[in-house]
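Note that these values count all heavy atoms, side chains included, but never hydrogens, waters or copies made by symmetry.
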Amino acid sequence: MPDISPGEDRILRLLKFRGDQTTAAIAIHLDITAPGARKHLNNLLENDLVGFEDRAGRVGRPERYWRLTDEAQKRFPDSHAVLTVEMLDSVRGLFGEDGLDRLIGERERQMLRRYDAALAGLHGLGERVAALAEIRLQEGYLAEAEQLPGGAWLLAENHCPICAAASSCRNFCRSELALFRQVLGDDVSVERIDYILEGARRCAYRIQSASEGQRT
């Protein structure tokens, strides 16, 4: 992979976390001038790490929005994608779909024990969601939590380190949604609102107390 500067690495992370951005927005994020941002972007463009789309605005000239390329996505952890898929295919071939489901179920139980321990003693929904986001961040999901208007919370995962495995078997995704619901409690509603495997740039979950969900 080509070497890039710290500033250029920050641009890639910004695009990964926030999606398409204008040159002006990137300059503000890096606290540099627009020409400085364009210099970084041109270097990333030459290395096939970013692309762009010119979008018509309400007035004036079209505005350029920068995005990550597939090559840039490779710079983020993939948890040994090829090996993972090969192992899943082997499990499926040897033990069938039932065997694969048992494997996913055991993974879910192990994660539940680990997550329950990390959230022990936390009572507020915001505290629990923030702690869950921190765990997922450490596991490579580039996760973040934010409160939405009305009191609900958003858990956003800007990268999926098991995407290859999930593409091979979507029960991984079903299992992780079930895990969130278990660890956050029966009094909490967890709804997936963005899904990478359906074309979104990230996976995101709307989380709120069940009672709040009934009133909305």
Side-chain angles (χ1 to χ4, degrees), residues 16-17 19 68-120 122 125 128-146 148 152-210 212-214:
K16 185 67 172 173
F17 271 80
L68 295 180
T69 63
D70 290 342
E71 188 64 27
Q73 298 286 0
K74 297 176 184 177
R75 303 184 73 92
F76 296 90
D78 64 1
S79 292
H80 310 290
V82 174
L83 177 60
T84 300
V85 172
E86 289 177 348
M87 291 181 66
L88 291 177
D89 287 343
S90 295
V91 170
R92 185 182 278 119
L94 289 170
F95 305 108
E97 292 296 334
D98 287 346
L100 186 54
D101 285 344
R102 289 174 60 191
L103 175 67
I104 294 171
E106 178 58 26
R107 173 180 181 266
E108 182 180 325
R109 286 186 289 273
Q110 291 181 7
M111 293 175 72
L112 179 60
R113 288 193 292 269
R114 190 165 69 250
Y115 287 19
D116 274 343
L119 271 63
L122 302 179
L125 180 58
R128 286 185 285 164
V129 174
L132 179 58
E134 179 62 27
I135 296 169
R136 302 290 283 182
L137 178 65
Q138 293 173 7
E139 292 177 347
Y141 288 84
L142 299 185
E144 54 186 344
E146 65 173 286
L148 301 173
W153 286 83
L154 180 74
L155 172 65
E157 297 184 338
N158 298 286
H159 180 66
C160 179
I162 65 163
C163 193
S167 298
S168 176
C169 179
R170 293 202 180 191
N171 278 350
F172 279 102
C173 304
R174 175 204 55 75
S175 174
E176 293 197 338
L177 180 57
L179 173 67
F180 294 164
R181 288 171 173 164
Q182 291 178 81
V183 77
L184 291 173
D186 294 336
D187 60 334
V188 174
S189 167
V190 183
E191 175 191 5
R192 183 189 287 120
I193 58 174
D194 290 324
Y195 191 20
I196 290 174
L197 295 186
E198 291 182 353
R201 70 169 183 84
R202 66 182 186 180
C203 286
Y205 304 84
R206 181 184 175 88
I207 302 170
Q208 61 186 5
S209 67
E212 287 292 333
Q214 291 171 0

Side chains of [X] and [Y]: does their closest heavy-atom pair fall under 4.5 Å?
X      : Y      : result
Arg192 : Tyr205 : yes
Arg201 : Asn158 : yes
Leu155 : Val190 : no
Trp153 : Leu132 : no
Gln182 : Tyr115 : no
Arg128 : Leu125 : yes
Tyr141 : Ile135 : no
Phe172 : Leu88  : yes

#### Entry: Verdict with reasoning, Lys16 to Gln73, per side-chain contact (heavy atoms from CB on, under 4.5 Å)
CA-CA 8 Å; Lys16 185 67 172 173; Gln73 298 286 0; 2.6 Å; yes
### Query
Is the count of non-hydrogen atoms from other residues, nucleotides or ligands lying under 6.0 Å from Asp187 atom CG greater than 12?
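Enclosed.
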### Query
If you count the non-hydrogen atoms of other residues, nucleotides and ligands that lie under 6.0 Å from CZ in Arg102, is the total more than 12?
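No, the 6.0 Å shell around CZ holds no more than 12 heavy atoms from other groups.
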### Query
Excluding sequence neighbours, so at least two apart, what forms salt bridge (Lys or Arg N to Asp or Glu O under 4.0 Å) with Asp89?
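Salt bridge (Lys or Arg N to Asp or Glu O under 4.0 Å) list for Asp89, sorted by chain: Arg92.
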### Query
Which residues pass the salt bridge (Lys or Arg N to Asp or Glu O under 4.0 Å) test with Arg114, sequence neighbours left out?
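Salt bridge (Lys or Arg N to Asp or Glu O under 4.0 Å) check on Arg114 returns Glu139.
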Non-hydrogen atoms of [X] and [Y] that approach each other most closely:
X      : Y      : value
Ile196 : Arg202 : CG1-C, 3.4 Å
Cys173 : Ala166 : SG-CB, 3.6 Å
Pro161 : Gly140 : CD-O, 3.6 Å

Going from [atom1] on [X] to [atom2] on [Y], what distance comes out if it is rounded to the nearest 0.5 angstrom?
X      : Y      : atom1 : atom2 : answer
Leu184 : Ser189 : CG    : OG    : 10.5 Å
Leu179 : Arg174 : CG    : CZ    : 11.0 Å
Leu103 : Phe95  : CG    : CZ    : 10.0 Å
Arg181 : Asp186 : CZ    : CG    : 11.5 Å
Asp101 : Glu108 : CG    : CD    : 11.0 Å
Arg170 : Ile104 : CZ    : CD1   : 13.0 Å

### Query
Checking salt bridge (Lys or Arg N to Asp or Glu O under 4.0 Å) for the pair Glu176/Arg136: CA distance, chi angles, key distance, verdict?
CA-CA 11 Å; Glu176 293 197 338; Arg136 302 290 283 182; 2.8 Å; yes
### Task
List for me each residue that meets side chain to side chain contact (heavy atoms under 4.5 Å, CB included) alongside Ala130, sequence neighbours excluded, and say none if there are none.
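Here no residue qualifies.
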### Query
Where do Met87 and Val91 land on the side-chain contact (heavy atoms from CB on, under 4.5 Å) test, with the steps shown first?
CA-CA 6 Å; Met87 291 181 66; Val91 170; 5.5 Å; no
#### Entry: Derivation and outcome, side-chain contact (heavy atoms from CB on, under 4.5 Å), residues Asn171 and Leu100
CA-CA 9 Å; Asn171 278 350; Leu100 186 54; over 6 Å; no
### Query
Ignoring hydrogens and geometry, is there a side-chain-to-backbone donor-acceptor pair from Ser90 to Glu86 under 3.5 Å?
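Flag set: sc Ser90 to bb Glu86 pair under 3.5 Å.
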### Task
Report yes or no: does Arg107 contribute a side-chain atom to a donor-acceptor pair with the main-chain N or O of Ser175 at less than 3.5 Å?
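Looks like no, no N/O pair under 3.5 Å.
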